[in-house]
Amino acid sequence: MKGVFAVLICFLSQFGFSQNKLESWKDFQTFEKQWIRLERDNQGYLLYQPCEGSINRIDIQQRRIGIYWTLESPDFFEIEKASLNKEGNLFTFSFRGSGNSKGTAEAKIVDKIQGLVLWKFNFIFNNSVSSEIIWVMTPKIYANEFRFVDNPCPDGKIKEKEFLPIEFK
């Protein structure tokens with residue numbers, strides 16, 4: 001009987017219950033340092049390689065955050081402050097770049113099982129606020145668990161694919 005119970009537990013743990021990819025963060029040291037942007041279609045979340053450019057990503061090294069855009073060169077900012085809420089599911093950053101550039105970012109766990117985090121950025125350049133940028137991202141270590149959609153353009157630029165809006169607030 002114990003053997004049947006052990007096999008059942010093993011089976012359920014492998015196939016019956018999904019394990020969380022993300023848990024609550026304890027501090028800045030446990031916060032993932034490499035992130036990659038996801039898009040969403042009617043089949044779920046995916047990595048999208050645009051015709052021109054690259055997939056958006058974020059790299060954090062010590063107290064520096066690098067934001068890699070689709071077409072433009074990456075921007076690097078020094079993290080001035082990083083704080084974690086008491087539930088361990090929301091990190092807030094303030095950062096400063098070169099010249100008069102500065103901004104804030106929030107990273108909030110929105111789906112622990114799929115490993116989805118909602119990133120919200122606000123940038124200030126020369127004392128004027130740009131629009132808010134919102135991305136759904138996953139730690140880079142989970143990138144291969146999502147579908148990959150490529151939009152090749154060997155003979156010239158073609159229209160980029162369109163995706164569903166972000167479902168999280």
Side-chain angles (χ1 to χ4, degrees), residues 8-72 74-95 103-123 131-152 160-169:
L8 181 62
I9 295 273
C10 183
F11 177 78
L12 289 175
S13 68
Q14 290 291 321
F15 303 105
F17 299 107
S18 297
Q19 292 185 323
N20 292 345
K21 290 184 179 135
L22 291 176
E23 296 296 334
S24 299
W25 298 302
K26 308 279 185 266
D27 53 32
F28 188 70
Q29 302 306 327
T30 62
F31 185 74
E32 291 79 5
K33 303 299 190 271
Q34 294 184 315
W35 297 86
I36 193 159
R37 184 179 178 191
L38 300 172
E39 296 288 357
R40 180 174 70 104
D41 65 10
N42 56 8
Q43 295 177 38
Y45 283 91
L46 59 99
L47 288 168
Y48 175 65
Q49 177 63 53
C51 169
E52 289 186 320
S54 59
I55 301 171
N56 300 115
R57 63 186 173 92
I58 295 172
D59 287 335
I60 300 172
Q61 296 178 0
Q62 296 169 354
R63 301 296 287 181
R64 189 174 189 203
I65 185 169
I67 302 172
Y68 293 77
W69 309 105
T70 303
L71 293 172
E72 297 84 18
D75 286 318
F76 297 96
F77 300 92
E78 295 298 322
I79 298 172
E80 295 181 321
K81 182 180 177 187
S83 58
L84 177 64
N85 69 351
K86 65 181 179 177
E87 293 82 17
N89 67 348
L90 174 68
F91 248 110
T92 305
F93 301 92
S94 60
F95 48 81
T104 60
E106 289 182 359
K108 180 181 180 183
I109 298 172
V110 292
D111 188 324
K112 289 181 177 186
I113 293 171
Q114 291 188 78
L116 304 179
V117 172
L118 184 66
W119 281 80
K120 293 182 181 181
F121 300 93
N122 282 297
F123 297 96
S131 61
E132 183 176 58
I133 296 171
I134 302 174
W135 291 340
V136 173
M137 303 187 90
T138 194
K140 191 174 177 182
I141 59 171
Y142 300 126
N144 63 349
E145 297 184 28
F146 291 90
R147 284 180 298 129
F148 180 77
V149 175
D150 191 12
N151 190 15
E160 297 294 354
K161 295 181 178 8
E162 294 185 21
F163 296 99
L164 296 173
I166 293 174
E167 63 186 322
F168 305 108
K169 301 276 182 205

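Only heavy atoms go into these numbers, but all of them, side chains included; no hydrogens, no water, no symmetry mates.
Between the CZ atom in Phe121 and the CD atom in Glu106 there is a gap of 10.5 Å [rounded to 0.5 Å]. A distance of 10.0 Å separates CD1 in Ile67 from CZ in Phe76, rounded to the nearest 0.5 Å. Atoms NZ and CG, on Lys108 and Leu90 in that order, are 7.0 Å from each other to the nearest 0.5 Å. To the nearest 0.5 Å, atom CD of residue Glu39 and atom CG of residue Leu47 are 9.5 Å apart. For the atom pair OG (Ser54) and CD (Glu52), the distance works out to 11.5 Å, reported to the nearest 0.5 Å. From Thr70, atom OG1 reaches atom CZ of Arg57 across 12.0 Å, with rounding to the nearest 0.5 Å.
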Practice prompt. Check the pair Val117, Phe31 against side chain to side chain contact (heavy atoms under 4.5 Å, CB included), reporting the backbone distance first and the verdict last.
Written response: CA-CA 11 Å; Val117 172; Phe31 185 74; 5.8 Å; no

Item to complete: Go through the steps for Tyr45 and Thr138 under the test side chain to side chain contact (heavy atoms under 4.5 Å, CB included), then give the verdict.
Response: CA-CA 10 Å; Tyr45 283 91; Thr138 194; over 6 Å; no

Worksheet entry | Derivation and outcome, side chain to side chain contact (heavy atoms under 4.5 Å, CB included), residues Phe148 and Ile55 | CA-CA 11 Å; Phe148 180 77; Ile55 301 171; 4.1 Å; yes

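Between the side chains of Asn85 and Glu87, at least one donor-acceptor pair of N or O atoms lies under 3.5 Å.
Between Asn89 and Lys112, every side-chain heavy-atom pair lies at or beyond the 4.5 Å cut-off. When side chains are defined from C-beta on, Pro139 counts as touching Trp35, because their heavy atoms get closer than 4.5 Å. Proximity of Ile65 to Ile58: side-chain heavy atoms (C-beta onward) are separated by under 4.5 Å at one or more points. Using a 4.5 Å heavy-atom cutoff, the side chains of Ile60 and Phe28 are in contact. Looking only at side-chain heavy atoms (C-beta outward), Asp75 and Phe95 stay at 4.5 Å or farther from each other.
Ala107 and Trp25 get closest at one heavy-atom pair: O-CZ3, 3.6 Å. The minimum heavy-atom distance between Ile109 and Glu23, with the atom names listed, is CD1-O, 3.4 Å. The minimum heavy-atom distance between Ile134 and Ile166, with the atom names listed, is O-CD1, 3.3 Å. Closest approach of Met137 and Arg37 over heavy atoms only: CE-N, 3.5 Å. The minimum heavy-atom distance linking Ile36 with Ala143 is given by the pair CG2-CB, 4.0 Å.
The neighbour count for Lys21 NZ, taken as heavy atoms of other residues, nucleotides or ligands under 6.0 Å away, is above 12. Other residues, nucleotides and ligands contribute at most 12 non-hydrogen atoms within 6.0 Å of the CD atom of Glu162.
When Arg40, Glu160, Lys161, Arg147 are each tested for a side chain to side chain donor-acceptor pair (under 3.5 Å) with Tyr48, only one passes: Glu160.
Under the 6.0 Å cut-off for aromatic ring centres, Phe123 and Phe77 qualify, their centroids lying closer than that.
Ring geometry, Phe93 versus Trp119: the interplanar angle falls under 30°, so the pair is classed parallel (tilted spans 30 to 60°).
In terms of the side-chain contact (heavy atoms from CB on, under 4.5 Å) criterion, Gln62 has no residue partners (sequence neighbours excluded).
Judged by distance alone, with hydrogens and angles left aside, the side-chain atoms of Lys169 form no donor-acceptor pair with the main-chain N or O of Glu167 at under 3.5 Å.
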